[in-house]
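All of these numbers come straight from a predicted model, not from anything done at the bench.
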Amino acid sequence: MILSPTKSTWALLSLLRFMLATIVFIGHLWVIVELPVELEIIKNFGPKAAVLGFLFISGLSIGYSYQRNAKGYFYRRFLRVYPLYFGAVIFTLIIQLFLDDPIETLRRTFYPSGILTSFSNILFLQGWVAISMPYNGPLWSLSIEVFFYALVPFLSRLSSKILILLVATSLGVFAFFSIGQYLYGWLALLFAWSWLIGFLFITRKPSFLGLFFLLLGVLAAWLNKRIMPEYWSWLTFLATILLVWVSFQNLRISEKLQKVFNYLGELSYPLYVFHMPLFILFYYLGFKGAYSLILLLFIVIIPLNYLLDHWLKKIFWIPFLNFLKLYATRLRSNYNDNILKRLRGE
């Protein structure tokens, strides 16, 4: 039986995304300032393990979205991902332009990216032909997600056996190799298995083999300290699997709680793409306490999310995309008319 999510399922997955985003930004905050003991514990759940969780949930949700309604799939994906992403890249460019460089924090020195690197990041090409912008390193995982978004129409036509073969290949690489380098799609190969398993579970009947690979992934996260050095990384991914399973158990959550969870899930994306340049900016301005940086992060993210993902999307991105669609339709119509005229000898 193919998994069938409910509104409560999506609400729980939204809450889970927010929890994973929290692990990520606290893990990266450790690079900037000293963490108190309680935040140090959260950091040890591992930012990259949280990314694995994100990818697993992404494979589930994208597979369901495409399976339910393939029409307008790329339009929906663009509007969900690019307005906030583009805003984060532009914001990072502004930060690195006006701040003194390099920026020295507790455990890392940040250097501004060059023109080609910055332009590549705008087009999601980090990890393929360029590195992520140093002021916003977490953007590396967005290129992986967008890569698989683009492949969804192709992947949906593949048999389960071929998808499982792809999972096994990626997981084998993840288990025995390190990150090593950040170009030529190596990161996509390393982390593909988590996204693909999520896609498999929602678009095909859940199988023992899929569960087996998930558990192998937990084992690999535990054993491969070159990729997942944090002590509790394996537990983060295991907990993600269990919480995803719980979310599909026909639980009923009140509508009010659904709204709260969904809003937290909505914040998880801007938290992910903006937290690093914001932390660098706040640190530069003299804020050195972990909790003060987190408080400032939320103070900025909440209105920024509304500005970029609601207001600007409504007044610019949606009209812009609709204009492009209309223009493409007219070009296609003119092309077809010209072909017909040539066939008629006109």
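By the ring-ring contact (aromatic ring centres under 6.0 Å, His included) test, Phe110 pairs with no residue at all, sequence neighbours left out. Judged as a side chain to side chain contact (heavy atoms under 4.5 Å, CB included), and not counting sequence neighbours, the contacts of Leu84 are Arg80, Tyr269, Pro270, Phe274, Asn305, Leu308, Asp309. Taking Thr240 as the reference, nothing meets the side-chain hydrogen bond (donor to acceptor under 3.5 Å, both in side chains) condition, with sequence neighbours excluded. In terms of the side-chain hydrogen bond (donor to acceptor under 3.5 Å, both in side chains) criterion, residue partners of Ser14 (sequence neighbours excluded) are, by chain and number, Asn262. Evaluation of the side chain to side chain contact (heavy atoms under 4.5 Å, CB included) rule for Ile42 yields Ile23, Ile26, Leu39 as partners, not counting sequence neighbours. When the ring-ring contact (aromatic ring centres under 6.0 Å, His included) test is applied to Phe248, no partner is found at least two apart in sequence or on another chain. Qualifying side chain to side chain contact (heavy atoms under 4.5 Å, CB included) partners for Leu106, counting only residues two or more places apart in sequence or in other chains: Glu34. Evaluation of the ring-ring contact (aromatic ring centres under 6.0 Å, His included) rule for Tyr306 yields His310 as partners, not counting sequence neighbours.
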Could you pull out every donor-acceptor pair under 3.5 Å between side chains of residues 158-171 and any protein atom, sequence neighbours left out?
unit_1, atom_1, unit_2, atom_2, d
Ser159, OG, Ile162, N, 3.3
Ser160, OG, Arg204, NE, 3.3
Thr169, OG1, Leu165, O, 2.9
Ser170, OG, Leu189, O, 2.5
Ser170, OG, Ala192, N, 3.4
Ser170, OG, Trp193, N, 3.0

Side chains of residues 210-226: which donor-acceptor pairs under 3.5 Å do they make with residues two or more places apart or in other chains?
unit_1, atom_1, unit_2, atom_2, d
Asn224, OD1, Arg226, N, 3.2
Asn224, OD1, Arg226, NE, 3.4
Asn224, ND2, Phe174, O, 2.7
Asn224, ND2, Ala175, O, 3.4
Asn224, ND2, Phe177, O, 2.8
Lys225, NZ, Trp222, O, 3.1
Arg226, NH2, Phe176, O, 2.9

Which pairs of donor and acceptor atoms, one on a side chain in residues 278-296, lie under 3.5 Å apart (sequence neighbours left out)?
unit_1, atom_1, unit_2, atom_2, d
Tyr284, OH, Asp100, OD2, 3.2
Tyr291, OH, Glu38, OE2, 2.7
Ser292, OG, Gly289, O, 2.7

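Checked by atom type and distance alone, the side chain of Lys313 pairs as donor or acceptor with a backbone atom of Leu79 at under 3.5 Å. Using a distance-only test at 3.5 Å, with no hydrogens or angles considered, no donor-acceptor pair links the side chain of Ser58 to the main chain of Phe54. Counting only distance, with no hydrogens or angles, the side chain of Asn136 and the backbone of Thr92 share no donor-acceptor pair below 3.5 Å.
Counting only residues at least two apart or in different chains, salt bridge (Lys or Arg N to Asp or Glu O under 4.0 Å) contacts with residues 4-25 are absent.
Inspection of the Thr9 and Thr6 side chains reveals an N or O donor paired with an N or O acceptor under 3.5 Å.
Remark: Glu230 CD to Glu40 CD distance equals 10.0 Å, nearest 0.5 Å.
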Might you work through the ring-ring contact (aromatic ring centres under 6.0 Å, His included) test for Trp140 and Phe191, ending with a clear yes or no? CA-CA 11 Å; Trp140 67 269; Phe191 289 88; 5.1 Å; yes
